[in-house]
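Small disclaimer: the values here were computed from a predicted structure and weren't measured. Residue numbering restarts at 1 for every chain, and letters A, B, ... go by the order of the sequence lines. What's counted below: heavy atoms across the whole structure, side chains too, no hydrogens, waters or symmetry copies.
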Amino acid sequence: MLPVSHATLVCSVFALGGLLGAPAPADPLLAILQSELTRNVDVLKKEAVPPYFVSYTVSDVQGTSISASFGAIQRSSDSRNRSLTVDVRVGDYDFDSTHQVRGSQTSMPRFSRVPIPLTNDEVPIRAVLWRTTDRRHKAAVEALTRVKTNISTKVKEESTAADFSKEPPQTYIGPPATYTVDTKEWEQRLRRITAPFAEDPLIYIAESTFSAQAVTTYFVSTEGTELLHGAATCRLSIQILTKASDGMELPLYVSYLASTPAGLPREDRMLADARTLMKQAATLRTAPIVEPFSGPAVLSGRSAAVFFHEIFGHRIEGQRQKNVNDSQTFTKRIGEPVLPTFLSVIFDPTLRKFGTEELAGYYAYDDEGVKAQRVTIVDKGILKTFLLSRAPLAGFAQSNGHGRAQSGYAPVSRQSNLIVESSQSMPYDKLIERLKSEIRSQGKPFGLLFDNIEGGFTFTGRSIPNAFTVIPTVVHRVYADNRPPELVRGVDLIGTPLAAFSKIVATSDKQDVFNGVCGAESGGVPVAAAAPALLVSEVEVQKKPQSQEMLPILPAPDRKKQQ
Amino acid sequence: MRQAMRIGLLVAVCVSLAPAPQAQPYPILQAMQEEMTRALDQLRLPNEPAPYYIAYAVDESSGTRVLTKLGSVVTDASSRPSRIFRVDVRVGDYNLDSSRFISYDRDPGVMSMYGQFGVPIPLDDNYIEMKRQMWLATDGAYKRAVQLLAKKKAAAQGRAADPDPIPDLSREKPTETLGPVVAPSLKGRAWIEDLKQMSAVFLKYPDIDSSEVDLSESQGTHYFLNSEGFKVVQPIRTAGVRVVADTQAADGMVLRDFFTAYGTKLDDLPPAAELLARTEKLAAGLAAQRGAATGEDFTGPVLVEGQAASVLLGQAFVPLFVSSRAPEVDNPQAAAMARFQAPPFLTRIGSRILPESFSIKDTPSLQRFGDALVPGSYTVDDDGVPAKDVTLVQDGRLMTLLVGRTPQKGLLQSNGHGRGGGAQAGVFQMESARGLSAAELKTKYLEMLKTQGRAFGYIVRAVLDPNESRPSAVDPLDAAMASMAMISGQGGTRIGPPIVHAVKVLPDGTEQPVRGLTFASGPHTPCRTIVEASKERTMYTYRAAPGSSAGSSSLSSGVASVSVVAPDLLFEEIEIQRARDAPLKPPVVPSPLKK
């Protein structure tokens with residue numbers, strides 16, 4: 001399952017100063033990492049099963065998080081930690097200790113992370129590096145024995161690709177990431193943003209969270225890569241929950257991101273958005289329920305962005321083309337049409353902004369130390385390549401800078417900034433007109449407009465149907481005649497990938513951005529997707545899982561009767 | 001009031017049951033009271049029972065955690081205060097209520113879960129918003145209670161009626177224990193230099209390949225209120241320092257030692273110089289252990305001294321004296337897997353379990369042991385019931401068990417031991433009326449070895465407490481590998497606590513240090529084989545893991561300090577094993593601590 005978390009707006013904009021290729025100023029932590037790496041490898045290379053690759057990654061994370069509910073602060077905290085992840089590979093680039101063990105029931109995600117001192121104290125840091133390198137080396141030796149046995153006892157593998165790509169070493173020393181937050185000021189702001197929700201006694205949850213995070217990454221490897229880069233992240237989200245009288249829970253979200261606290265929208269805009277959520281909540285409570293339906297629909301830009309992330313993006317991640325348990329929808333389709341000819345799909349982690357919107361999937365180097373690259377995955381409908389980490393595929397020997405992971409996880413190929421481009425576009429109003437004519441020509445009573453979404457998930461395995469679900473929060477029924485669109489509730493958008501793509505008819509001429517955190521094998525990584533609104537000739541919706549819980553028995557405590 | 005007289009640490013006052021609002025010095029308690037009154041008066045589903053019991057608790061606390069390694073700070077976290085609200089709503093009556101029943105049914109909504117776990121309430125003194133959170137949590141808890149009682153009754157219909165049913169909740173006399181609300185004054189960060197100095201001791205020991213020194217403190221106020229009139233306002237105060245270190249012998253055997261010092265606040269702990277000296281001693285002792293001979297499997301008389309005796313009692317004895325009652329489950333698979341057992345000593349009340357000279361008491365009133373404060377001491381339990389000193393074993397005979405408000409057969413009243421989510425000990429003391437001096441006890445042991453014609457015996461001087469000695473700043477992957485190695489190495493059998501320091505002793509008194517031993521068997525067999533004890537006693541304090549008896553008290557924040565006071569113990573027969581862990585080869589690369 002690969003959920004895009006709702007209401008999580010991630011901005012991950014690098015605050016980088018230095019110039020690429022400039023002589024590396026000695027950073028004290030990098031120097032410690034480099035010298036302990038050399039000291040360990042010099043001994044280990046004489047072992048019977050020596051490492052052919054070792055890397056050290058240190059993530060230094062500074063964070064602030066504040067939450068308020070209905071005008072009162074609920075949580076407010078600061079944190080700082082530094083953790084180390086060590087990768088040791090034995091074998092060689094072609095065949096190494098990370099090779100997939102087919103049929104293994106116990107293949108847990110490799111999560112390995114150990115805290116190190118917060119200050120650059122050489123001996124204590126070396127002690128952790130040394131002990132962790134020893135443990136990871138022993139584990140790698142064991143793993144190599146297991147994969148060799150697996151190879152000799154199973155049928156010949158379909159994929160003949162190497163296990164690890166050869167990449168040019170990178171050197172880059174930027175400044176560490178940092179941010180400054182006026183905690184008291186943000187606490188006040190969150191109180192003001194969440195206070196109005198108290199006016200509606202039928203809104204049960206109304207929470208706003210502000211968070212700022214600065215992540216500085218230190219990376220060294222035996223291949224000579226040496227990197228220091230930083231990313232600062234600020235988010236603000238508002239989430240509310242109301243209930244219809246039939247028990248249905250109705251969540252609504254809004255979120256913002258920026259690279260600095262000051263870059264977030266002004267408070268009056270947030271307050272206005274909060275008011276909009278309140279109005280939507282009130283309308284949704286009494287909105288009619290849509291029965292299961294198939295027919296034409298428009299997905300707004302944000303909805304289409306999630307749709308592409310789930311249905312397309314996850315299926316062109318490199319490691320899925322290699323994994324024998326994966327359905328491999330597109331593995332053999334390179335050079336073939338996979339989308340309508342008017343669509344192209346690009347992944348561009350080097351893009352900080354799309355129009356005026358900052359993008360969460362921006363980075364300068366991926367988590368394997370490979371430089372970020374713009375990659376055209378689909379050009380005018382034709383599949384060109386996959387998202388690649390340093391795990392090569394047959395015919396694709398190099399990474400394209402998409403090896404990503406949450407701190408502690410082993411990187412795999414993951415999405416960055418997904419951009420959908422269309423040559424068959426029209427103004428949004430025209431697209432809605434086209435929807436109306438589709439409704440008429442199909443003889444349907446109405447069509448659907450998916451305006452906003454909470455997120456989605458998809459299954460790419462072989463043992464369960466290869467379906468996707470997109471979870472909308474705001475859906476309208478659109479009629480072919482002059483009746484205005486009508487807010488409805490109670491449905492999720494479902495489907496299967498190949499059928500869904502073949503039904504895309506046209507797009508709007510303007511992309512919208514969805515920023516989120518994507519969860520998969522290598523943990524949660526910030527991603528963005530920008531897509532135009534889509535007209536789809538046929539979608540299918542199913543009923544949402546529904547709470548049977550009635551409304552609270554007693555009214556909310558009397559707010560006028562202050563203590 | 002008898003209880004209130006001796007609480008000492010608290011300023012106990014008795015207020016009238018209906019205090020005038022203007023005299024209310026506890027605004028949080030007032031908010032709890034108002035929302036509870038509303039629920040008691042009005043919260044009711046049509047054709048369903050109203051709540052017969054409601055309890056609310058708020059834990060308001062802030063804390064510090066500092067972890068150092070080799071003279072360097074790895075974690076330095078100070079939390080701003082948090083306020084967590086917990087609710088227990090029961091329908092039915094004292095004899096049969098909605099508690100002690102676990103249902104696996106789930107509503108897809110989030111509101112139905114509201115209040116099932118702790119709910120954060122405002123840090124601001126915004127009492128309306130606090131009451132709003134309490135309202136939703138109470139609503140959710142009540143609806144769950146109605147469903148659980150119906151399911152519990154339905155499940156009971158299929159079974160023959162119990163001729164001697166045990167009530168679900170004991171009836172107790174309401175008590176108010178109202179102490180002052182004290183603003184936290186956290187001092188952990190003032191200790192950073194001391195902690196760095198302690199952890200820097202290990203720089204001198206390159207063979208010790210991992211070590212950590214950590215400090216934690218928590219301060220705040222606990223508020224408790226129930227519909228019977230129990231009221232508690234008392235300070236939350238815990239503080240502790242812990243040192244853990246690992247080394248590997250040349251044959252790969254992993255050796256670990258630890259020590260902890262707990263108090264209610266950091267000022268209670270031994271002075272920094274003493275902690276530093278203990279750290280030095282631990283480091284030197286652990287390094288020396290590497291060269292010790294490996295112990296052998298052994299079944300026979302064993303002398304357990306000092307800290308080892310109190311840790312062993314805490315591990316193997318304390319759980320036997322605690323009452324528990326299995327909840328029912330509506331999922332047959334889960335019920336089969338859970339295999340909740342009745343407390344093993346329940347059927348032995350009235351029987352002889354130790355030699356006649358032995359007695360065991362749990363005395364939460366004991367505030368000092370010698371010069372030391374007793375961290376396990378407390379005045380009221382999680383249910384607001386005043387703690388009672390309980391004689392568990394008298395003249396070798398088992399008298400009763402420690403119990404909270406969840407009754408058990410023959411244990412119908414609480415003795416004020418509802419702690420940490422179940423029943424738990426506070427200050428567990430064993431003594432022998434015929435206690436010998438430690439020297440006499442050793443002589444007696446050597447005589448026993450001679451009489452039995454033994455070539456040697458073992459004296460155990462330090463035992464590892466597996467929960468307290470688990471290092472925290474480690475790679476989760478290594479921790480997972482270590483636990484897998486342990487399971488495969490030991491063939492999955494349950495073993496007793498590992499032994500840190502033991503000596504092989506010849507009948508002539510010659511001692512030789514050994515390593516790699518662990519107590520072998522399950523818990524209660526050694527009880528019967530205790531023959532003698534010393535007059536001298538040692539105190540050891542640990543933080544008990546939250547109780548497993550779900551539904552007994554959902555209002556506990558989970559952790560309870562338990563102090564064990566034990567004499568040196570001479571066992572006639574105990575089984576000791578050589579540790580069976582699959583050893584990891586020592587690192588090939590020399591430690592960076594080696595110059």
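A:Pro201 and B:Trp135 get closest at one heavy-atom pair: O-CH2, 4.4 Å. Across every non-hydrogen atom of A:Ala72 and B:Glu129, the tightest pair is CB-CG, 3.9 Å. Counting all heavy atoms, side chain and backbone alike, B:Leu136 lies closest to A:Tyr204 at CD1-O, 3.4 Å.
Most heavy-atom pairs under 4.5 Å with chain A, from the set B:Thr68, B:Thr138, B:Leu45: that is B:Leu45. For chain B, the option among A:Ser69, A:Ala68, A:Gly71 with the highest count of heavy-atom pairs below 4.5 Å is A:Ser69. The most heavy-atom pairs under 4.5 Å with chain B, out of A:Leu118, A:Leu554, A:Asp134, A:Asp78, come from A:Leu554.
Contact annotation: the side chain of B:Pro120 approaches that of A:Arg75 to within less than 4.5 Å [non-hydrogen atoms, C-beta and beyond]. Using a 4.5 Å heavy-atom threshold, the side chains of A:Gln74 and B:Arg83 count as separate. Proximity of A:Arg131 to B:Asp246: side-chain heavy atoms (C-beta onward) are separated by under 4.5 Å at one or more points. B:Val588 places a side-chain heavy atom less than 4.5 Å from the side chain of A:Glu47. Side-chain contact between B:Lys131 and A:Asp558: absent, with no pair of heavy atoms (C-beta onward) separated by less than 4.5 Å. You'll find the side chain of B:Leu593 reaches within 4.5 Å of the side chain of A:Val123, heavy atoms only. Between A:Ile553 and B:Arg44 there is no side-chain heavy-atom pair separated by less than 4.5 Å. Under the 4.5 Å side-chain criterion, counting only non-hydrogen atoms from C-beta, A:Leu44 is in contact with B:Val589.
In this structure, A:Glu249 CD and B:Asp107 CG are separated by 7.0 Å, a value rounded to the nearest 0.5 Å. Summarising the geometry, atom CD1 belonging to A:Ile116 is positioned 9.0 Å from atom OG belonging to B:Ser72; distances are rounded to the nearest 0.5 Å. To the nearest 0.5 Å, atom CZ of residue B:Arg132 and atom CZ of residue A:Phe70 are 3.5 Å apart. For the atom pair CZ (A:Arg82) and OG1 (B:Thr75), the distance works out to 12.5 Å, reported to the nearest 0.5 Å. In this structure, CG in B:Leu123 is found 9.5 Å from OG in A:Ser67, a value given to the nearest 0.5 Å. Taking CE of B:Met111 as the reference point, atom CG of A:Leu551 lies at 9.5 Å (rounded to 0.5 Å).
For NZ of B:Lys594, the number of neighbouring non-hydrogen atoms (other residues, nucleotides, ligands) closer than 6.0 Å is greater than 12. Annotation for A:Arg80: atom CZ counts as buried by contact number, over 12 foreign heavy atoms lying within 6.0 Å.
Contacts from residues 35-43 of chain A to chain B, taken as heavy-atom pairs separated by less than 4.5 Å, involve A:Glu36, A:Arg39, A:Asn40, A:Val43 in sequence order.
Remark: B:Asp124 engages A:Arg191 in a salt bridge, criterion side-chain N to carboxylate O under 4.0 Å. Between B:Asp475 and A:Arg136 there is a salt bridge, since at least one side-chain N of the basic residue sits less than 4.0 Å from a carboxylate O of the acidic one.
Using a 4.5 Å cut-off between heavy atoms, A:Val86 makes no contact with chain B at all. Both the backbone and the side chain of B:Lys69 come within contact range of chain A, judged by heavy atoms closer than 4.5 Å. For B:Ala473, the parts sitting under 4.5 Å from any heavy atom of chain A are the backbone and the side chain alike. Heavy-atom distances place the side chain of B:Tyr142, and not its backbone, under 4.5 Å from chain A. For a residue to count as touching a neighbouring chain, one of its non-hydrogen atoms must lie under 4.5 Å from one of that chain's; by this rule B:Ser82 does not touch chain A.
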